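Along the sequence shown, residues are numbered consecutively beginning with 1. All ligand and atom numbering here is 1-based and tracks the order in the structure. Note that this is a predicted model, so its numbers are computed, not measured.
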Amino acid sequence: MSKFAERMTTMEKSAATIRYLFGAMNDPGIISFGGGAPAKEALPIDIVREITNDIMRIDKRGVEALQYGPVMGVPDLREIVVNDLLAPKGVRCNVENVMITSGGLEPINLMCQLYINPGDVILVESPTFMHSVEIFEMFQAKCIAVDMDDNGIVPEDLEVKIKKYEPKMVYVIPTFQNPTGRTLSLDRRRKVAELGSKYDVIILEDDPYRDIRYSGSDLLPIKAFDETGHTVLANSFSKIFSPGSRLGYVLANDEITAKLFDAKSATNSHTSMLPQIICAEFFKRGYYPAHHKMICDLYRERRDIMIESIDKFFPEGTKRTFPDGGLFTWAELPDGINTTELLAESTGNPEVKVAYVAGESFFTEGNGKGNNCMRISFGGVAPEKIRIGAEKLGKLICSKLK
Ligand SMILES: Cc1ncc(COP(=O)(O)O)c(C=O)c1O
């Protein structure tokens with residue numbers, strides 16, 4: 001028998017949930033509001049074909065793409081992060097402090113490598129993104145939930161729990177949060193940054209949805225309020241370019257960046273060169289603004305149809321969020337509906353065949369918290385299917401209340 005490391009046991013439950021989710025996503029007979037993947041129409045296939053051909057024709061770039069590369073990432077892509085993605089959002093920083101990572105999840109993994117010993121506490125939002133919890137549990141961290149309301153994580157509860165648990169890290173998804181679609185208010189962003197500085201705690205700001213805003217106005221990231229270097233900003237190219245390319249980035253102060261360099265080098269040397277170069281060329285050739293507008297228009301339409309359909313077909317007493325961006329809404333159903341139990345029926349019943357993610361999976365507290373909630377992802381589903389799926393799901397829920 002293989003003698004697996006202890007960490008493989010601590011992450012078993014969260015890993016099983018994620019495996020199940022990917023299974024439902026790939027069943028073609030199901031209308032899936034489950035996964036968080038971008039729409040296939042949002043993938044810039046023709047542009048990438050043109051760029052890839054060019055890269056392989058330009059001798060220097062071809063060699064660069066297929067050779068080993070720098071640990072911190074391709075210089076032009078790092079400059080794009082600084083000048084095109086962060087500066088317009090109010091974050092001024094040096095290229096030296098930006099590392100290109102393999103997807104948006106890698107910064108979370110690397111930060112755990114830097115900070116987490118078995119038994120350390122990480123404060124997370126309630127609810128939070130289960131994939132990150134899987135990583136935290138792999139490092140044998142203890143996740144403690146902090147209250148959230150419609151304006152995001154509640155700073156008063158955060159301060160109480162920082163004092164009580166002395167966490168190593170606070171993990172926050174401030175914009176169009178996964179799973180709720182909620183956005184942390186500006187005032188709270190400042191407070192969260194201040195709490196990190198005051199109590200010498202790392203604030204890990206995970207912000208992969210911020211660039212898909214299709215209504216309302218931009219808010220400064222938590223990092224913009226950080227005066228002491230306690231906030232580390234992680235982001236991803238998955239939702240604005242392509243998730244299969246596995247590209248993300250992390251911005252940290254000099255001291256943390258030096259450690260990230262060591263951890264990244266020991267983990268995988270550097271992020272794959274070909275996707276980095278394709279992505280850099282995508283921005284440098286000026287494709288991003290039109291592409292960005294196209295995806296925002298597409299997701300706004302889907303959000304509107306989903307919200308309209310929930311309001312029409314879900315039972316009275318349902319509460320749902322209204323996201324100004326991102327891919328998800330979150331519905332809280334009237335008491336008495338258990339969304340974990342309902343999921344088996346909604347996917348198994350041939351008259352329904354609709355998937356979502358049951359709310360319970362996003363709560364680290366256990367005890368059935370969130371068992372009347374569901375995360376509904378509209379980003380990857382065509383408008384007509386959103387209407388049909390939401391109607392079928394709504395009718396099934398209503399039938400349970402009778
Ligand atoms: C909150 C959050 N963080 C990180 C990620 C990971 O992004 P990536 O696919 O780039 O690894 C996701 C992806 O869905 C996410 O929702």
Would you check, one step at a time, whether the test side chain to side chain contact (heavy atoms under 4.5 Å, CB included) holds for Glu41 with Met294? CA-CA 9 Å; Glu41 297 82 354; Met294 182 271 286; 5.6 Å; no

Please write down residue, atom name and distance for the protein heavy atom closest to [atom].
atom	value
atom 1 (C) of ligand 1	Asp206 OD2, 3.3 Å
atom 13 (C) of ligand 1	Lys239 NZ, 3.6 Å
atom 5 (C) of ligand 1	Phe129 CE2, 3.7 Å
atom 16 (O) of ligand 1	Tyr209 OH, 2.5 Å
atom 11 (O) of ligand 1	Arg246 NH2, 2.7 Å

Aromatic ring proximity, centroids under 6.0 angstrom, Tyr287 and His291: no

What I want to check is whether the side chains of Asn268 and Glu106 have a donor and an acceptor closer together than 3.5 Å. yes

Under 3.5 Å, is there a donor-acceptor pair between the Thr180 and Gln177 side chains? yes

Between [X] and ligand 1, find which residue part has any heavy-atom pair under 4.0 Å and reply side chain, backbone, both or neither.
X	value
His131	neither
Phe237	neither
Leu105	both
Met130	neither
Pro208	side chain

Side chain to side chain contact (heavy atoms under 4.5 Å, CB included) partner of Ile173, the single match among Leu184, Asp207, Asp206: Asp206

What I want to know is whether Ser132 and ligand 1 share at least one N or O pair that is separated by under 3.5 angstrom. no

Would you check the N or O atoms of Gly104, main chain and side chain alike, for any that come under 3.5 Å of an N or O of ligand 1? yes

Report, in ascending order of atom number, the atoms of ligand 1 lying under 4.0 Å from any heavy atom of [X].
X	value
Ser238	8 (P), 9 (O), 10 (O)
Ile173	1 (C)
Ser236	7 (O), 8 (P), 10 (O)
Gly103	10 (O), 11 (O)

Using 30° and 60° as the class limits, which term best fits the ring planes of Phe136 and Tyr171: parallel, tilted or perpendicular? perpendicular

Using the six-membered ring wherever Trp is involved, compare the ring planes of Phe241 and Phe282 and label them parallel, tilted or perpendicular (cut-offs 30° and 60°). tilted

To the nearest 0.5 Å, what is the distance between OG1 (Thr228) and CD1 (Ile203)? 9.0 Å

At what distance, to the nearest 0.5 angstrom, does CD1 of Ile135 lie from NE2 of His131? 6.5 Å

Member of Lys400, Lys353, Lys392 meeting the salt bridge (Lys or Arg N to Asp or Glu O under 4.0 Å) criterion with Glu345: Lys400

